[in-house]
Amino acid sequence: TQRVDSGTLCNWKILNYILAREKTYLEERGVRCQIALWIPDIQVKEEDLYLVFLNLLHNCREALLRQDGAEERYLEIWGEEEPAETGEGSERFAIYLENSFSGEILLNDRKEIMSVKDDKVNHGLGLKIVRSILEQNGGTAEYRFDREEKYFLVKLTLEEGAGNGS
């Protein structure tokens with residue numbers, strides 16, 4: 001696995017810029033951030049991955065800033081190569097985003113995550129957009145959370161090879 005150098009958060013230039021801005025913003029507000037993301041060639045359009053990250057980082061920011069100041073607030077982002085499953089041809093790459101949150105989360109009857117904002121008409125589409133974009137690019141998005149431990153984890157999985165990263 002390759003690593004990004006100490007002054008870089010991600011090897012994709014525009015994504016590095018987005019992550020650096022978000023890291024600075026959150027750290028200025030007392031959030032501990034650990035971001036080291038080296039992305040190999042993956043089968044996703046560059047602009048699609050940026051849209052995914054903008055949605056996810058927006059959700060992370062809102063969850064982190066909604067937390068009580070007494071709780072530890074953190075954001076961690078990293079990536080890992082995953083071996084191909086039996087019978088699969090190509091390797092996969094997983095990107096993880098984990099953040100602390102207040103423990104408050106709403107689920108609908110289908111166990112889908114709902115916005116905690118009052119205006120549900122104009123909010124709450126981010127995770128659906130993320131899942132849709134990844135599915136269009138042959139990937140998946142999984143979400144896990146723990147109300148007691150107060151963490152929220154997103155795992156994005158994409159096929160390696162013939163990517164559009166920069």
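Treat the numbers as computed from the prediction; the structure is a model and nothing was measured.
Checked against E160 for a side chain to side chain contact (heavy atoms under 4.5 Å, CB included), the options E82, E81, R92 give a single hit: E81. With E22 as the partner, the side chain to side chain contact (heavy atoms under 4.5 Å, CB included) test is satisfied by one option alone out of L57, L9, I77: L57.
S100 places a side-chain N or O within 3.5 Å of a backbone atom of Y74 that can act as its donor or acceptor partner. No side-chain donor-acceptor contact under 3.5 Å links N99 to the backbone of L75.
With a 4.5 Å cut-off on side-chain heavy atoms, K13 and Y17 do not count as touching.
No continuous path of hydrophobic side-chain contacts links L64 to L153 [ILVMFWY only; heavy atoms under 4.5 Å]. Criterion: ILVMFWY side-chain heavy atoms under 4.5 Å apart, direct or through other members. Under it, L65 and Y151 are not part of a common hydrophobic cluster. Grouping the Ile, Leu, Val, Met, Phe, Trp and Tyr side chains by contacts below 4.5 angstrom, directly or via other members, places L26 apart from Y96.
Minimum interatomic distance between N137 and K45 (heavy atoms only, all atoms of both residues): OD1-N, 3.5 Å. Listed here is the closest heavy atom pair of W12 and I39: NE1-O, 3.6 Å. Across all non-hydrogen atoms, the minimal contact from C10 to L15 is SG-CD2, 3.9 Å. Here the closest heavy-atom approach between residue C33 and residue K23 is recorded as CB-CG, 3.7 Å. Among all heavy-atom pairs drawn from F101 and D146, the shortest one is CE2-O, 3.8 Å. Taking all atoms of both residues into account, the shortest heavy-atom contact from E142 to R131 is CA-NH2, 4.5 Å.
Going from atom CZ of F53 over to atom CG of L37 covers 5.0 Å, rounded to the nearest 0.5 Å. Taken from CD in E72 to CD in Q67, the straight-line distance is 8.5 Å, to the nearest 0.5 Å. The line from CG of N55 to CD1 of I129 is 5.0 Å long, rounded to the nearest 0.5 Å. Rounded to the nearest 0.5 Å, atoms CD (E98) and CD (Q34) are 10.5 Å apart. Note that CD1 of I95 and OG1 of T157 are 9.0 Å apart. Values are rounded to the nearest 0.5 Å. Here the CD1 atom belonging to I133 is positioned 10.0 Å from the CD atom belonging to E47, to the nearest 0.5 angstrom.
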inquiry  = Could you walk me through whether L134 and T140 satisfy the side-chain contact (heavy atoms from CB on, under 4.5 Å) test, starting with their C-alpha distance in whole Å, then the side-chain angles of each, then the deciding distance to 0.1 Å, before giving a yes or no?
reply    = CA-CA 6 Å; L134 287 169; T140 61; 6.0 Å; no
Determine whether L56 and L156 satisfy the following criterion, side-chain contact (heavy atoms from CB on, under 4.5 Å), listing intermediate values before the conclusion. CA-CA 11 Å; L56 292 175; L156 311 174; 3.9 Å; yes
**Message:** Let's go through L49 and I42 carefully: what are the C-alpha distance in whole Å and the side-chain angles of both, what is the deciding distance for side-chain contact (heavy atoms from CB on, under 4.5 Å) to 0.1 Å, and is it a yes or a no?
**Reply:** CA-CA 10 Å; L49 192 60; I42 53 177; 4.2 Å; yes
Practice prompt. Please step through side-chain contact (heavy atoms from CB on, under 4.5 Å) for the pair V44 and F93, ending with a clear verdict.
Written response: CA-CA 11 Å; V44 64; F93 186 75; over 6 Å; no
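The neighbour count for R32 CZ, taken as heavy atoms of other residues, nucleotides or ligands under 6.0 Å away, is above 12.
No side-chain donor from either of T24 and E28 sits under 3.5 Å from a side-chain acceptor of the other. No hydrogens or angles considered: a donor-acceptor pair under 3.5 Å links the side chains of E80 and W78.
Figure legend: R29 and Y25 shown as a cation-pi pair, the cationic atom lying under 6.0 angstrom from the six-membered ring centre and within 45 degrees of its axis.
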